[in-house]
Amino acid sequence: MIFSLKEISKEDQQPAQFTNPETPGYVGFANLPNQVHRKSVKKGFEFTLMVVGESGLGKSTLINSLFLTDLYPERIIPGANPPLALLPTLLWKIERTVQIEASTVEIEERGVKLRLTVVDTPGYGDAINCRDCFKTIISYIDEQFERYLHDESGLNRRHIIDNRVHCCFYFISPFGHGLKPLDVEFMKAIHNKVNIVPVIAKADTLSLKERERLKKRILDEIEEHGIKIYHLPDAESDEDEDFKEQTRLLKASIPFCVVGSNQLIEAKGKKVRGRLYPWGVVEVENPEHNDFLKLRTMLITHMQDLQEVTQDLHYENFRSERLKRGGRLSSYDKVLCKSEETVVALKGYSYISALF
Ligand code: GDP
């Protein structure tokens, strides 16, 4: 219902509550952060994490440990390659293709909702020629940008679901002597599209000295090959000392050496997530045993920065490239344009208008 000014009676107008004679200089915008906070809490957060790495490096186990939730309850873990003669095994490897599996869970903690999508890429690195698996993953990342661009230019921009990939955990094998050519090629292929966080898998298979050596080697190779990984922003000078120290520690731990486990084990009278060995228990959430907690802290405390870098850098790159290409339709638009309704909705927008 729309009221005109005349229809509001004098009693309904309550100017008194909008002035504060005791603090005349106080306007009230100091309250804005609280409003923003309340609004974001109400709206909830959306985050998409992609995990890439060769099969068997512990990606699913780590993701389940990170969010204390079983994201893949129905997944059947394949056994070893079929114990047939060598030839069929080889064929199996040639034919393996990467799949994209996106699972979304809504997690709520103290009233704050997080809509988390984890994009797993089973089959990555299994084929002898990995070029196709690159293509599949890159197309997926681009499609999410394309969808966002389309929704943003559409008629209803209020409820856009953001499925853009905000972060990619790239799993590196602990058994090699650094990066493999596949690791280098893949990271270079995606570093302008997504925030890469390198992770050394199965850290329990390495001694402390081996970990340090491998970390240094990987960082050197990342620099040598000009790979752009996600850089944690420096803490602002007015942040408290603990936060500054935490940021320094997190930066120094990259690439994170992690251990994952879905089992609860009794250690020192407590039930902990860990891996039981004849000589003791490796605790997932013990910072002295591995960087799991640091990785989780990095993700949680920098979730907003990861989103901002995705928006301001990767999405902007995509968007300007996309607009430069002008009226050419992507495969995503072509699918959409099959529906007459969508064609009408898209007509007014410059990047497609050339076609009509
Ligand atoms: P994915 O194929 O990369 O998703 O790997 P999975 O999570 O399915 O794990 C493959 C195997 O590695 C399973 O037997 C896990 O129990 C084991 N695994 C997972 N994380 C670790 C770890 O941190 N250390 C060790 N030693 N084994 C692990």
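All figures in this text were calculated on a predicted structure; none of them were measured in a lab. Just follow the structure's listing: the first ligand is 1, and inside any ligand the first atom is 1.
For a threshold of 3.5 Å applied to N or O pairs, the pair formed by Gly260 and ligand 1 contains at least one separation below that value. Between Ser60 and ligand 1, an N or O atom pair is found at a separation short of 3.5 Å. Taking distance alone, with nitrogen or oxygen atoms compared against 3.5 Å, Thr61 approaches ligand 1 more closely than that limit. Of the N or O atoms in Ser55, none lie within a sub-3.5 Å distance of an N or O in ligand 1. Annotation: Val259 places no N or O atom under 3.5 Å from an N or O atom of ligand 1; distance criterion only.
Cluster membership for Leu206 and Tyr277, using ILVMFWY side-chain heavy atoms within less than 4.5 angstrom, is shared.
Ligand 1 has no atom lying under 4.0 Å from any heavy atom of Tyr124.
Of the possible polar contacts, one joining the Ser207 side chain to the Glu210 backbone as a donor-acceptor pair under 3.5 Å is found. With hydrogens and angles disregarded, no donor-acceptor distance shorter than 3.5 Å links the side chain of Ser261 to the backbone of Arg273. A side-chain donor-acceptor contact under 3.5 Å links Asp291 to the backbone of Cys257.
In terms of heavy-atom proximity, Glu239 sits nearest to Lys244 at O-CE, 3.5 Å. Residues Asp142 and Lys193 come closest through the heavy atom pair OD1-NZ, 2.9 Å.
Close contacts of ligand 1 with Tyr277, meaning ligand atoms under 4.0 Å from a residue heavy atom, involve 26 (N).
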